[in-house]
Amino acid sequence: MKQISEIAPKSNVINLKEVFANTKPKATAQTKKDLTKGTTKAKTATTPAGKQKIAEKIKAAKKTQSKLTAPGALARCRQIAGGDLRAAALLYRIAGMWDAFETKMRLPGGSREYLAMTQADWAIVAGLSESECRKYAIKRLQSHAYEIVRFEIHGRGKGKKTWVHFDKAAYLAALNEAGYELKIAAQNGVSLYS
């Protein structure tokens, strides 16, 4: 039976000069040729064109899948409104109407543009009851999304209208920013789901 000292080398150190001194020039030439063709398995070599195409297809499929599973505008509106679906429906509808109407109103002496309707009309447009719109949706948007949408009530009696100013740039920034609702709640000291 052979002893371990006979099988294993006495030193773990490998002398690289000895290893490279014994390489044949033909093998070195073959390695250089493989590197230029892209068939080598070396870490610094480039990937073959066929495998690059497959990798591009995989990346495109992942990108498509992420788009399909990303939350839609109504879901993001719900997050912006602090989880309230009634406020989300109203915010989503305001955003849609803001793009639909080119001419908007201005208050006397003001520079902001507004859309103005009665609260009953706002409720109908958003698919809410009047009390849901007045007691929940508008109040929630005033506390959680006041950077995006502002409400002002003007008039008396049946002519009383709710004027809505919508900041489209802030809305788009909020839609694209993950965690927007958490940041606003922390800044304003508002509970997210209050």
(Q) Show the nearest heavy-atom pair for residues Ser129 and Ala123, with the distance to one decimal. (A) O-CB, 3.6 Å
Q. Quick one: does Arg76's side chain have a donor or acceptor within less than 3.5 Å of a partner on Leu175's backbone?
A. yes
(Q) Is the shortest side-chain heavy-atom distance between Glu152 and His154 below 4.5 Å? (A) yes
Q: Calculate, to the nearest 0.5 Å, the distance between atoms CG and CD belonging to Leu128 and Gln119 respectively.
A: 11.5 Å
Q: Among Arg134, Met117, Glu130, find the one that has a side chain to side chain contact (heavy atoms under 4.5 Å, CB included) with Trp122.
A: Met117
Q. Taking atom OH of Tyr136 as the centre, does the number of heavy atoms from other residues, nucleotides or ligands within less than 6.0 Å exceed 12?
A. no
Q.
Counting C-beta onward and ignoring hydrogens, is there a side-chain heavy-atom pair between Tyr114 and Thr162 closer than 4.5 Å?
A. no
**Q.** hydrophobic_cluster_shared for Met97 and Trp163, side chain cutoff 4.5 Å
**A.** no
**Q.** Inter-residue atom distance Glu147.CD - Ile80.CD1, 0.5 Å rounding
**A.** 10.5 Å
Q.
How long is the straight-line distance from OG1 of Thr118 back to CD1 of Ile153, given to the nearest 0.5 Å?
A. 11.0 Å
Q) How far apart are the closest heavy atoms of Gly82 and Arg140, and which atoms are they? A) O-NH2, 3.5 Å
**Q.** Arg150 with Asp167: basic N within carboxylate O range, under 4.0 Å
**A.** no
Q) Heavy-atom distance under 4.5 Å between the side chains of His165 and Val149, does that happen here? A) no
Q. Of the non-hydrogen atoms in Ala126 and Ala89, which two are nearest, and what is the gap between them?
A. O-CB, 3.9 Å
**Q.** Check: Phe151 and Leu141 side chains under 4.5 Å, non-hydrogen atoms
**A.** yes
Q. Going only through I, L, V, M, F, W and Y residues with side-chain contacts under 4.5 Å, is there a path from Ile124 to Leu90?
A. no
Can I get a per-line list of side-chain donor-acceptor pairs under 3.5 Å for residues 101-111, giving both atom names and the distance, sequence neighbours left out?
| residue | atom | partner | partner atom | Å |
| --- | --- | --- | --- | --- |
| Lys104 | NZ | Trp98 | O | 3.1 |
| Lys104 | NZ | Phe101 | O | 2.6 |
| Arg106 | NH1 | Ser111 | O | 2.4 |

Q: Determine whether Leu91 and Phe166 make a side-chain contact, defined as any pair of heavy atoms from C-beta on separated by less than 4.5 Å.
A: yes
Q | Beyond-backbone contact of Arg78 with Asp84, side-chain heavy atoms, under 4.5 angstrom | A | no
Q. To the nearest 0.5 Å, what is the distance between CD1 (Ile138) and OG (Ser143)?
A. 12.0 Å
Q) Going only through I, L, V, M, F, W and Y residues with side-chain contacts under 4.5 Å, is there a path from Val125 to Ile148? A) yes
Q. Does atom OH of Tyr92 have more than 12 heavy-atom neighbours, drawn from other residues, nucleotides or ligands, at distances under 6.0 Å?
A. no
Q) Atom SG of Cys133 and atom CZ of Arg93: how far apart are they, to the nearest 0.5 Å? A) 12.5 Å
